[in-house]
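The structure appears right after this line, and notes come after that.
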Amino acid sequence: MSPRKLIFFSPMILLFFACREVYYPEEVISNQSIPVIQGRICENEVPVVTLSWALGYKDQTTQYISGAQVYVTDDLGNSVDLYETSAGNYTSFADGFKGIQGRTYTLHTVLPDGYEYVSTPALLQTNPFVDSIYAEPDTREFYVYNDNGEPILENQEGLYVWADLSANSASPQYYRFNTEVVKEMIYSLDVSTPSARSVYMWETFTLDNIYSVDNSIVLNDRQVLLEHPVGFLRFFYDATLETETSTAPFTIGWVLIFKVYAISGDVFNYYNSIAQQLNADDQLFAPVPSQIMSNIQCISDQGKEVIGVFEASSFTTVYRAFAFKDLEVCITKDLPGFPEDIRSGSLVSFPPDFWIFF
Amino acid sequence: MHVLKMRLFLFLLISCFTLPVFTQDLSENKQSGKYSKVPFIEFFNAMEESYSVQFYYKPEWFERDSVTVSFVNKTIEEVVVLALNGTPFTYRIIRDNKVVILPKDEVAMLVGQMFDYSNRASGDQSFVLVGNQDDAGKSKNALMTGKILDGKTGEPIIGAVIQVNNLPRGAVSNAQGIYKLSLAPGLYSLTVSSVGYEKSQSNIKIVGSGEMNFELFDKSVALEDIIIYGERLDRNVSSHQMSLVELDVKSIKQLPSVSGGKDVLKGLTTMPGVKSIGEFSSGINVRGGGEDQNLYLFNGSPLFNTSHIFGLFSVINPDAVDKLTLYKGHIPAIYGERVSSVVDIRTSESQPSRFRVRGGIGIYDSRLMVEVPVVKDKVFFDIGGRTSYSDWILKQMNDYNLRNSSASFYDLNGTLHIWLSKSRFSLSGYTCNDVFKLASDVRYNYGSTVGSFNWNYMFNSNLASYLSLSYSSYKVDKDDISTNLAQSRIKSGIDYTGLKYRIKYGGISNHTLDAGFNVIKYRIDPGEMGPLNAESIVTESSVESEQAYEGAFFINDEYSINEYLVVNAGLRVSGYMNMGPGSVAVYSPGMARDSSAITGYTTYEKNEPIATYFGFEPRLSARIRLNESSSLKLSYNRNIQYLSLVSYSSVSTPADIWKLSDSYIRPLIANQFALGFYRNFMNNSIETSVEVYYKSLKNTIEYKDGANLEMNPDIENVLLNSDGRNYGVEFMLKKNSGILDGWIGYTYSRSLRKTSGEYAGEIINDNQYYPSSYDRPHDFTTVLNYHINKRLQLSANFSYSTGRPVTLPEYKYYSGSDVVVYFSDKNKYRIPPYHRLDMAISLDESLKIKKKWKGSWSFSVLNIYGRKNAYTIYYKKEDPSPANDYNRFSLYKLYLIGRPVPTISYTFVF
């Protein structure tokens, strides 16, 4: 197994934190027009593409590309056109052209300036198989800041969540992860009064990053990915939030909507290059700039720069709930399903239908 | 008696030897007499009366001398001969019975039998006689030989210089302190000097071959002539060797402390053409070359890592170093293996006269060195060590991870010397180890073991042989200790075994020949990974080891054509073979060399050749002496290097991987031309030089984007062959003596690289030349020492250089909620310029010779004005905080010494 990236479970490497400051370069030359093409076709979904121009480093506003000709082809000779639904966003309205396992898809883009861009053909692979998702109660050391901006070390309790995947394959498997979490909390209003009631509160957030990727290795003639770090669920009860009329919110547990996408090697390289860039923790003292490794190129002019990715992927979703009791005990529940469109909210007196009790 | 006025004297002198000599028949006039301790002048007066002659001489010649002579029936000529016997005078009898008394030397000079190059005009009339006075006038050339010794210990001084004043002649003492100097009979003034010793002036009169020894005394008595670094008196002008830096530990003492102590390798970075990436970088960069292009030799064995704690200290204990020589241009043919420079570090080869201990205590480390004479003039040894205690510094840091980190090192060195009549043996060993743990994430444990055996045999004064056996091993353990289940260790290392044999012959007039061969065996273990504990689920894996042989024959001749022209010509012929066992990937032709292009592997058996290379490495240098204080030098070098350091970061670290040349990674080849002009002023107390150089490089290593170097069995598919060119001009002004001494150096240089790939991923910057990580066009350094008194001195060291190249983001875009950047061409921009001022005040040891324990203090402040010199700039995503101006995505500037850093150290000797 390759050495684990230190991205997630270790505190952010703040080496020489006291010897570092934000750098504002005096002059950076950004006078090219570089298109950014980000597209995806998932199993049973129509392809979607976003087109924009890369911003200059000091610029703030994204300029989307309208009026482009965008279409996706597969290895069976089928093709579907995508239409602009909003600035820079293109999608297909043809229900007959959706992602199918075993098909190879290619994205074609012709911009209004006439340049044509084509992606590397992407095979939509079989669904990834998740062996297990599990959690371990533990503490982690984390930096926060006080009101004076000074760093303070905190020891945070919570759950480290891991996932194991495997595949029957001779070649390495590449995965992308996207984990949504619904955090369940409860507090009481008007305690010790006849009108005392409970408030059920939930908060939704993304646990990992869009560029959270990993790959398998060979173990006992199978491709396995063991102990992929999904994230850390922090348990924190802040008694200072208690008021005369309400108690402080108490975390009941978390529901994980764990999605894992099976991607190709070049898509893995794209997201991995983003991860290296944003984490910049691979070299001890002089991080090497990680240039984005796109899988799209300009076929009109091979010297023309383009940034982007076209991903063809299948995915598997696992629903799992966890509750933190103490540093020794963690409660886990398998869930057959869970609504995926829940946003943060609260209900008084009665929990919502999706509420998980531990 | 007639007092000779000068003009008359000269007239008579010339007359005696240019005009016919007419004599009265004095043979008929015979007298008898007896004189006992009679003053010469009185004697001459008596002879004038007796023989009716007139004597001509200078009274001051005979004022204090007397004569004892007895004669019966002798002519005046016979009497004069008797009287002048054993004196430095001779006579001539010319017309009118005039007896002219003359100094033999003057006569000899007049007739061309003797020369006067002395400083007699300055008034010093005392001369030491070399040779037998009776041999005066018998030979045109005389050989003066002898020893140059330490006046206090009686030990021979190696490399001491005898300079013949007013002449471009001189000699240097060898390993036994013996010198040879061939001069015509005459009067000379000599200056004998060696670094750390008081200069010695001597007037000598050479009448024939003979011996003369010189003694030099330690410089502690008078500090006016402190030489900052070890270039000899006028050696920069007289030597054929150019692009040379010689450092003596005593010279390094003049520099401000680095991290609390003196550092012999970091001291080199104050010289033109020698830089480092930054404070925490390992190694040095010479004329735009990478750290791996320098061969560091410790008593003849190579060092593969030269720094402790990732560059904070160099691995060499300064107390162990007797001499350090850096060849940064013309590298003699006896050296190979690297293309940019050779750093030859030697420990002391002088026998201590007594048991001696010296050491130092600093706020980060301490060191000790012991010298022990065992059998006088036969057996002695030294042993030393150093250790650090820098963890307490880390505990003071604000950063939590640093507070929970640790860093420590130790090093040990020792040498045993055995001297026999014609043989000198030395057995030397060195070992070191570093442990660096970053919080609870990563731990590095790395160290070196180096050993050498040297046998020098003197057949005679013209022929000597040198046999050297060397061994060097460097090992690294990198532990991932972040999570229990994933703890792993990656072990890597390199082993080197070498043999070198060389003969030096000086029996041909004006020639010094060097010839020999060396053989090297390499073994590299690129990586072996396994679990670190029983709970870890990491599986074992390894990358195949590499092995290779390198051999070379070399021959070199230093030819002194005349006193103006010296040529040094050499040739090194090297061969290399990378051998099995091993398997080499085969790549599909017509596409980029990456993992997807591998079609299979070719397997090689043990000792089966995988790749062979061969090359000629001519070495040429010449010195043209323009006059006694200036010279022109030029050199050409071709060097081949079969071993490279693979380091994806712009800063090399101890965990980088050594890589042998193979089927895909071709040897690095460099051709360097250099031209220099050297001029000294004020009797060599001020030295100036300017050197220009051009160096072409072939097959340097570059990296593909996102190159994965660790545990990569097919590392060649992430490496690129590239070419390079480095060029520059170096200026140096050095003042060697006076209350204020030091030097100023300025270099303008460029270091460029270029790929020539055909496929995407193998092309950097469209295959156009771009600045390498070592490209810093302007570099200025000054080191100044002000001697307040004989013990107290104030030192300052200021350096400025152009910021090194950096790749910055030029564009950005949103990927979800993340801001992703798109970087510029490689090294298109520069980090801000680097400049820093260090100062120190030091109290040197007591000047009392009899004092047993001597200590010296040094207090220094690094980075006086708290410059935050950027070490690197990188892009990163973090949680918004005051530290990043509440920006989630930012460029960061990392600086390592952002405030004044005081250090104090105490050095002792007893």
Side-chain angles (χ1 to χ4, degrees), chain A residues 1-4 6 9-25 28-30 32 34 36 38 52 54-57 62 141 143 145 149 151 153 209-211 219 226-227 269 272-274 276-280 283-293 297 303 307, chain B residues 280 310 397-402 438 440-442 480 482-483 485-486 488 490 537-539 648-651 653 705-706 711 807-816 818 820-824 829 868 871-878 881-885 887 890-896 898:
Chain A
M1 176 178 295
S2 61
R4 288 293 176 203
L6 304 176
F9 280 123
S10 61
M12 286 183 292
I13 293 184
L14 301 174
L15 183 66
F16 301 115
F17 187 92
C19 304
R20 188 187 67 164
E21 60 188 31
V22 177
Y23 179 72
Y24 300 98
V28 171
I29 301 171
S30 310
Q32 290 187 61
I34 301 178
V36 180
Q38 301 178 80
S52 63
L55 287 77
Y57 182 71
T62 300
E141 289 150 343
Y143 254 121
Y145 293 89
L153 175 70
N209 301 293
I210 193 171
Y211 48 81
L219 184 65
L226 299 178
E227 261 199 11
N269 289 338
N272 196 43
S273 62
I274 294 179
Q276 289 182 332
Q277 183 185 107
L278 296 181
N279 294 305
Q283 277 77 39
L284 199 56
F285 295 107
V288 177
S290 175
Q291 187 67 296
I292 300 304
M293 300 176 73
Q297 59 180 342
I307 305 167
Chain B
F280 265 18
F310 285 82
M397 295 291 188
N398 263 349
D399 177 73
Y400 167 76
N401 283 313
L402 284 177
L438 175 62
S440 56
D441 299 325
V442 181
D480 179 344
S482 52
T483 55
L485 291 177
S488 65
I490 298 178
I537 59 173
V538 170
T539 54
Y648 192 34
S649 168
S650 57
V651 178
T653 70
D705 264 336
M711 295 298 295
T807 305
L808 292 181
E810 288 182 326
Y811 302 91
K812 63 186 180 188
Y813 67 98
Y814 287 89
S815 177
D818 293 306
V820 182
V821 295
Y822 194 71
F823 287 98
S824 65
Y829 298 91
K868 294 177 182 177
Y871 186 74
T872 188
I873 293 173
Y874 59 95
Y875 181 77
K876 199 174 186 305
K877 170 188 173 184
E878 290 187 348
S881 71
N884 54 30
D885 296 343
N887 290 312
S890 292
L891 276 174
Y892 292 92
K893 177 179 91 171
L894 179 71
Y895 56 91
L896 302 180

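Quick caveat: nothing in here was measured; it's all calculated off a predicted structure. Just so we're on the same page: letters track the sequence lines, and every chain starts at 1.
Only the side chain of A:Thr62 comes within less than 4.5 Å of a heavy atom in chain B; its backbone stays farther off. Both the backbone and the side chain of A:Gln32 come within contact range of chain B, with heavy atoms under 4.5 Å apart. Both the backbone and the side chain of A:Ile29 come within contact range of chain B, with heavy atoms under 4.5 Å apart. Residue B:Tyr829 touches chain A through its side chain alone, counting heavy-atom pairs closer than 4.5 Å. Interface remark: B:Asp818 contributes side-chain atoms only to the contact with chain A (heavy atom separation under 4.5 Å).
Between the side chain of B:Lys893 and the backbone N or O of A:Glu21, no donor-acceptor pair lies under 3.5 Å. A:Gln38 contributes no side-chain N or O that, together with a main-chain N or O of B:Gly816, makes up a donor-acceptor pair within less than 3.5 Å.
Here the shortest heavy-atom pairing between B:Val821 and A:Gln291 reads O-OE1, 4.4 Å. When all heavy atoms of A:Val28 and B:Pro809 are compared, the closest pair comes out as CG1-O, 3.4 Å.
Atom OH of A:Tyr23 and atom OH of B:Tyr875 lie 16.0 Å apart (nearest 0.5 Å). Atoms CD and OH, on B:Glu810 and A:Tyr57 in that order, are 12.0 Å from each other to the nearest 0.5 Å.
Looking only at heavy-atom pairs under 4.5 Å with chain A, the residue among B:Leu808, B:Asn887, B:Val820 that has the most is B:Val820.
Counting heavy atoms from C-beta on, the side chains of A:Tyr211 and B:Lys877 come closer than 4.5 Å. Put simply, the side chain of B:Tyr822 does not reach to within 4.5 Å of the side chain of A:Val36, judged on heavy atoms.
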Checklist entry - B:Tyr811 and A:Leu55: side-chain contact (heavy atoms from CB on, under 4.5 Å), yes or no, with the steps? => result CA-CA 5 Å; B:Tyr811 302 91; A:Leu55 287 77; over 6 Å; no
